[in-house]
Amino acid sequence: MSTTEASSHGALRMRARRAYELGRIAHGAKCLWLALPMLLLGLAVSTRPLLSWAAGLGLLALAVGLRWSGGAVGRAVMPALIAGLPPLVLPLWMRADGHCCVGGMCWSLCMVGCVVGGVCAGAMVGLASTAEREQRGAFLLAATAIAGLAGVLGCALAGSSGMAGMALAVLATSWPVALLARARA
Amino acid sequence: MVRLASGDRSAFEPAYELLWPVLRRFAQRMLGEDAAADDAAQSALLKVFTRCSELDVERDALTWTLGITAYECRTLRRQQSRRREVGEGALRSHVAHEPGPEASVLGRELERAAAEVLGTLQPVDVETLRAMMAGERPAVAPATYRKRLERALGRLRSAWRSRHEHD
């Protein structure tokens, strides 16, 4: 191979590498069709704009970044965003409906919505992880983080107790469901 | 390719080493001409890597890759035939309208002006333009030649404009 050919070969390799990375960025950005409306919905009803902005931007950055990087964490993004819909939407839907009293204790329905949404999200994430053959831990970790951030956007309405309840519910459900589903498989 | 599609960067080098000769051979077989085949294979390779993340892992990656290359070859062939048609049309109209004495004088004036402008260019640009007019291919890589030609034409254009813009 002559020097000119070798240098043009090297240039082509660099262009191919750049093309690949651009393709990966475009692939990462494709999740925005779901993540962006989630952020806008969270901001529209937010009573704590700073927290909602932080959670929303974190969600966008994490979703695009993980999809760009690829692998198990990249595959976790779309199922996690879908799993994040219940804790985002349920508190908004229930917020006007007063209180729920069970066994002498009362909670706002908003708070109940956060916990139920968190349980749904955790179960969905756990079930989605069963399709993953390798790096299931990384998948679960990434999916839990994304679903949790999406949940924070909705549960900011219910205050810190609502967010903590949602986060605990996601954590307490996703890993056991994943283990159970794996054992059954 | 499947590893690359899922984001495994370590698969880039092996995929590149494997794909480039295959795509080049395939394009050469489709187009025959070396330079055109190189162009088509290069743009196919770049498209393959850009769209790699969209690869359906259930389908055969090589078939997908060759499909993109075949499309690039067809596009290039279409462009070439269109260019040839335009060139032939211009030649025919030139033959049909033999220049009169006035047109000959104008033509000579134009040639003199062009020679003057060419004199202001760098020797490498003049050499590149002369090779293009003669239909020759200098012994450099096609991409380098294309870039040189683009640069030379750009300089020629700006030199022409600076001399004759207000005429």
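Numbers restart at 1 for each chain; the letters A, B, ... are given by sequence-line order, proteins then strands.
Placement of L168(A) and V152(A) in two distinct hydrophobic clusters is found when ILVMFWY residues are connected by side-chain heavy-atom separations under 4.5 Å, directly or transitively. Grouping the Ile, Leu, Val, Met, Phe, Trp and Tyr side chains by contacts below 4.5 angstrom, directly or via other members, places V170(A) apart from V177(A). L32(A) and L40(A) fall into different hydrophobic clusters, where Ile, Leu, Val, Met, Phe, Trp and Tyr residues are linked whenever their side-chain heavy atoms come under 4.5 Å apart, directly or through other members. Hydrophobic clustering (side-chain heavy atoms under 4.5 Å, transitive across Ile, Leu, Val, Met, Phe, Trp, Tyr) keeps L18(B) apart from L4(B). V125(A) and M163(A) fall into different hydrophobic clusters, where Ile, Leu, Val, Met, Phe, Trp and Tyr are joined by side-chain heavy atoms under 4.5 Å apart, directly or via other members.
Using a 4.5 Å heavy-atom cut-off against chain B, the contacting residues of residues 67-81 of chain A are W68(A), S69(A), G70(A), G71(A), R75(A). Heavy-atom proximity under 4.5 angstrom to chain B picks out nothing from residues 127-151 of chain A. For residues 14-21 of chain A, the interface with chain B (any heavy-atom pair closer than 4.5 Å) comprises R15(A), A16(A), R17(A), A19(A), Y20(A), E21(A), sorted by residue number.
In this structure, R51(B) has no side chain to side chain donor-acceptor pair (under 3.5 Å) partners at least two apart in sequence or on a different chain.
Residue R24(A) comes nearest to S6(B) through the heavy atom pair NH1-C, 4.0 Å, listed as atom of the first residue, atom of the second, then distance. In terms of heavy atoms, L12(A) sits closest to Q42(B) at CD1-CG, 3.8 Å.
Both the backbone and the side chain of R9(B) come within contact range of chain A, each with at least one heavy atom under 4.5 Å from a heavy atom of that chain. Residue L46(B) touches chain A through both its backbone and its side chain, counting heavy-atom pairs closer than 4.5 Å.
Of the listed residues C52(B), A5(B), G7(B), A143(B), the one with more heavy-atom pairs under 4.5 angstrom with chain A than any other is G7(B).
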